[in-house]
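Dropping a structure here in structure tokens format, bear with me for questions.
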Amino acid sequence: MFVVSGSASRKLGDSLAKHLGATLAETEIRRFPDGECYVRITSDLADQEVALVQTTYPDNNIIELFALQEAVREARPKHLTTVIPYYGYARQDKIFKPGETIVARNLARHIEMLSDRVILVDIHAPTIPSHFTKPCKAVSSMGQIGEYLKAFSPDAILAPDKGALERAGAVSKALGCQFDSLEKTRIDGETVVMKPKSLDVRGKFVVIVDDIIATGGTIIKATEQLKAQGARQVWAACAHGLYTGGALPKLTKVVDRVISTDTLESETSVVTVAPAIVREIKG
Ligand code: R5P
């Protein structure tokens, strides 16, 4: 089996090849001075199982993905699995106003065109796999995050809201610790209090778990409140560390530590999602 990694997912591509016992395909990927991409695959992929890994964020990585899919197809592989570690546009999954479009669905149509199957990771909108007509599975990195946190023994895992409780539960399962979700209560026109539904955080080491950290606003607000309620240590963990608008330095001023997976590569991506992807590939 061969793993082909796009330039947005090199770290995960290496990890995936190691966990699969596969060969990392040799590629030449670069940008022309105008920003357009050049891709070339020099390994012989004829009749091989191929897993192509590329995050579709930011936009220029989408075109690079399509070019790599085409290059893999031209090599006549036996089977092509496209792995999208971070599915850009997953938050554009609904029509709110007439004239809008579901970009997440549009992207799915293009991604599946040259793939035999697709694997997504911690997908923001659970409806997204249904936009694919070919086999598409979303895997979760939460168990892997839990495994990583074992070495630090947190007291509890918190979801930023009720909708994310399942994720917090999956992390806490690996750790055997408590989990809860935060609830917002409006005190007056200016004040909203965020508090765990039933957990007392006084003196505790807690980890807030989310799928995406974008501006960091959700985590910063939650951390400030948890510290005011007496939490001893607050960490934030996410699958996708997007960190838009210089979010990371703002976060690290308030949060004791921020960790993420390798779906988006940054200084916080200390957890690999490769084992979860391998389980899906091997069935
Ligand atoms: C929301 O539905 C997501 O799960 C995240 O909570 C959200 O994307 C985080 O955004 P931000 O970091 O900008 O608060």
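In listed order, ligands and their atoms are each counted from 1. All figures in this text were calculated on a predicted structure; none of them were measured in a lab. Every heavy atom of this structure was used, including side-chain atoms; hydrogens, water molecules and symmetry mates were not. Position 1 is the first residue of the sequence, and the numbers go up from there.
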Worksheet item: Does F205 have R232 sitting over its ring (NZ/CZ under 6.0 Å from centre, angle to axis within 45°)?
Response: no

Item to complete: Counting heavy atoms only, name the option from D122, D211, I212 that's nearest to atom 4 (O) of ligand 1.
Response: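 It is D211 whose heavy atom sits nearest to atom 4 (O) of ligand 1.
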
Fill in: Nearest neighbour in protein (non-hydrogen) for atom 6 (O) of ligand 1
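Result for atom 6 (O) of ligand 1: D210 OD2, 2.6 Å.
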
Discussion item. Distance under 4.0 Å to a non-hydrogen atom of G217: what atoms of ligand 1 satisfy this?
Written reply: 12 (O), 14 (O)

Practice prompt. Quick one: look at T218 and ligand 1, take heavy-atom pairs under 4.0 Å, and tell me if it's side chain, backbone, both or neither.
Written response: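 Within the 4.0 Å criterion, T218 contacts ligand 1 through backbone and side-chain atoms alike.
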
Worksheet item: Taking atom types as modelled, is there a side-chain donor on Q144 or T261 under 3.5 Å from an acceptor on the other?
Response: no

Worksheet item: Looking only at non-hydrogen atoms, which of R91, H124, H240, K221 approaches atom 2 (O) of ligand 1 most closely?
Response: H124

Worksheet item: Are Y87 and T55 linked by a side-chain donor-acceptor pair shorter than 3.5 Å?
Response: no

Practice prompt. Check the pair Y86 / D262 against side-chain hydrogen bond (donor to acceptor under 3.5 Å, both in side chains), numbers first and verdict last.
Written response: CA-CA 9 Å; Y86 173 70; D262 49 7; over 6 Å; no

Worksheet entry | A214 N/O under 3.5 Å from ligand 1 N/O |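 Yes, there is a polar N/O contact under 3.5 Å.
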
Worksheet item: Cationic tip of R109 within the cone over F132's six-membered ring, i.e. under 6.0 Å and within 45° of the normal?
Response: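 No - R109 does not lie over the ring of F132 by the 6.0 Å and 45° rule.
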
Worksheet item: Mind checking whether G216 has a heavy atom under 4.0 Å from ligand 1?
Response: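 The answer is yes, since G216 has a heavy atom less than 4.0 Å from ligand 1.
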
Worksheet, complete the sentence: One finds that the ligand 1 atoms under 4.0 Å from a non-hydrogen atom of T215 are 11 (P), 12 (O), 13 (O), 14 (O)

Practice prompt. Begin from the C-alpha positions of D122 and S141 and carry the test side-chain hydrogen bond (donor to acceptor under 3.5 Å, both in side chains) through to its verdict.
Written response: CA-CA 7 Å; D122 288 301; S141 68; 2.5 Å; yes

